[in-house]
2 protein chains.
Amino acid sequence: MATTLTQIKKDFVEGLSQISRFWGFPKGMGAIFAVLYLSPTALSLDEIVERTGLTKGAVSTEVRTLARMGLVHRSTKLGDRKDYYTAETDFYAAVRSILQERQNSEFDRAVRSVKETLTRLEENWVENDEWNFVYERVKALQEFFDAIDSLAKAVIRLESLGLSNVTKILSVLK
Amino acid sequence: MATTLTQIKKDFVEGLSQISRFWGFPKGMGAIFAVLYLSPTALSLDEIVERTGLTKGAVSTEVRTLARMGLVHRSTKLGDRKDYYTAETDFYAAVRSILQERQNSEFDRAVRSVKETLTRLEENWVENDEWNFVYERVKALQEFFDAIDSLAKAVIRLESLGLSNVTKILSVLK
DNA sequence: TTGTATGTTTAGTAATTACTAAACGCAGTA
DNA sequence: TACTGCGTTTAGTAATTACTAAACATACAA
């Protein structure tokens, strides 16, 4: 049996679902993105429902978080009450957008908690080996997070994290 | 009530548990790493059990995956049948190690699936707009993954992804 | 106003994942 | 040989997360 384009597309959607899960996102999200990514036209919520097999509720919420991450875009057509969605095709832009998203919310909060440990340590200073040890370790971790943070911020600032920039990085790392 | 060092340490463990979850790892893993990270001496499995409140089984398996990731190291003392664990303190080394870990297993498999879609498309070539469209899109995604892949590989190759390298990257991105 | 086409929220279920408790295996010791 | 001290595995449970089905809200149309 010849492999049809429809079949190939279905497998691709399946593949992206896996990748999605790997990055810690629900697999439905990957499926939604894949369906949009392979569609030459913008799709309505119900069309996404139809093509993914998910329910309207699920698609509604997940497409929203995809939009927040900058991986899909919502648009409307005049004289049509439906919302339409398209996939972002500039992945470098998407990466920046995701980093930005993470920058706020959870990640920052977590990183701040380390920084806070550090200041609490300073406020409760005692002259003994254990204190010194703990302090040095926490400080080292905090500095590491700071480095990550600067990197992320630098990437976010780039107008275009294109292939050229990636090659630049690669050459520097040689 | 004065904040005791013990309390601060406890909160730190809590914080790393959160961070662990954020990166998609079980929170117990973060706790185990944190406990080891704050200990000046290597800890036995039972000591970890005691300090994290997890059970032996959980610690046994999670400490193993931590070791596979290069975030902790297992050692033994002569004339002592226990295993002892210490935290890796060179986080850049740990990043490399984690990347390497991911390189194999899941991630690579997922990325390969995109590449496979591409070759299947080529094998089932048809001259029409839909085919062309799908092909271009899949190809673009595959190229993006390749870029990520080269980056990861470059990082892995570095003998030391120290602060100096991070600053180098930052300067290039300016 | 009521009806219809849309997206959202909610309450509950299914599936997955993290963890526990306890059995097990194995190496060394008596 | 049996016993002890350790790590591992396993079978089951708790907690979390992804998802469904259906009620709901809103805007527009008749």
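We name chains A, B, ... by the order of the sequence lines, and we start the count at 1 in each one.
Here A:G53 lies in heavy-atom contact (under 4.0 Å) with sugar-phosphate atoms only. Here A:S44 lies out of heavy-atom contact (under 4.0 Å) with every strand. Nucleic acid contact class of A:K56 (heavy atoms, under 4.0 Å, all strands): base.
Regarding A:L54, its CG atom lies at a distance of 15 Å from the P atom of C:dG7, rounded to whole Å. Atom CG of A:D83 is separated from atom P of C:dG7 by 5 Å (rounded to the nearest Å). Between B:F22 atom CZ and D:dT16 atom P the separation is 18 Å, expressed in whole Å. A:D80 places its CG atom 15 Å from the C1' atom of D:dA29, with the value rounded to the nearest Å. The distance from atom CZ of A:R81 to atom P of C:dT6 is 6 Å, rounded to the nearest whole Å. At whole-Å resolution of the value, OH in A:Y84 and P in C:dA5 are 14 Å apart. The CZ-P distance, from A:R64 to D:dA18, rounds to 15 Å in whole Å. Rounded to an integer number of Å, the gap from CD1 of A:I48 to C1' of D:dT20 is 17 Å.
Although no hydrogens or angles enter the test, the distance criterion places no donor-acceptor pair under 3.5 Å between the side chain of B:S20 and the main chain of B:L16. For B:W131 (side chain) and B:L121 (main-chain N/O), a donor-acceptor pair under 3.5 Å exists by modelled atom type.
In this structure, B:V63 and A:E62 both approach DNA chain D, and ranking their closest nucleotides by distance from the 5' end singles out B:V63. Comparing A:G57 and A:K82 by the nucleotide of DNA chain C that holds the closest heavy atom to each, the one mapping nearer the 5' end is A:K82.
Side-chain nitrogen and oxygen atoms of A:S60 include at least one within less than 4.0 Å of the OP1 or OP2 phosphate oxygen of C:dT8. Regarding contacts with the backbone of C:dA15, every side-chain N or O of A:R21 stays at 4.0 angstrom or more from both OP1 and OP2.
For A:D46, the listed nucleotide lying nearest its side chain is C:dG7; candidates were C:dT8, C:dG7, D:dT9. Nearest nucleotide to the side chain of A:K27, out of C:dT9, C:dT8, D:dC19: D:dC19. The listed nucleotides are D:dT8, D:dT20, C:dA21; the one nearest the side chain of B:T55 is C:dA21. In this structure, of C:dT8, C:dT9, C:dA18, it is C:dT8 that holds the atom nearest to the side chain of A:R74.
Ion pairing between A:D46 and A:K82 fails under the 4.0 Å rule for side-chain N and carboxylate O.
Taking the six-membered ring where tryptophan is involved, the planes of B:F91 and B:Y37 are tilted, since the angle between them lies from 30° to 60°.
Side-chain contact between B:E88 and B:S97: absent, with no pair of heavy atoms (C-beta onward) separated by less than 4.5 Å.
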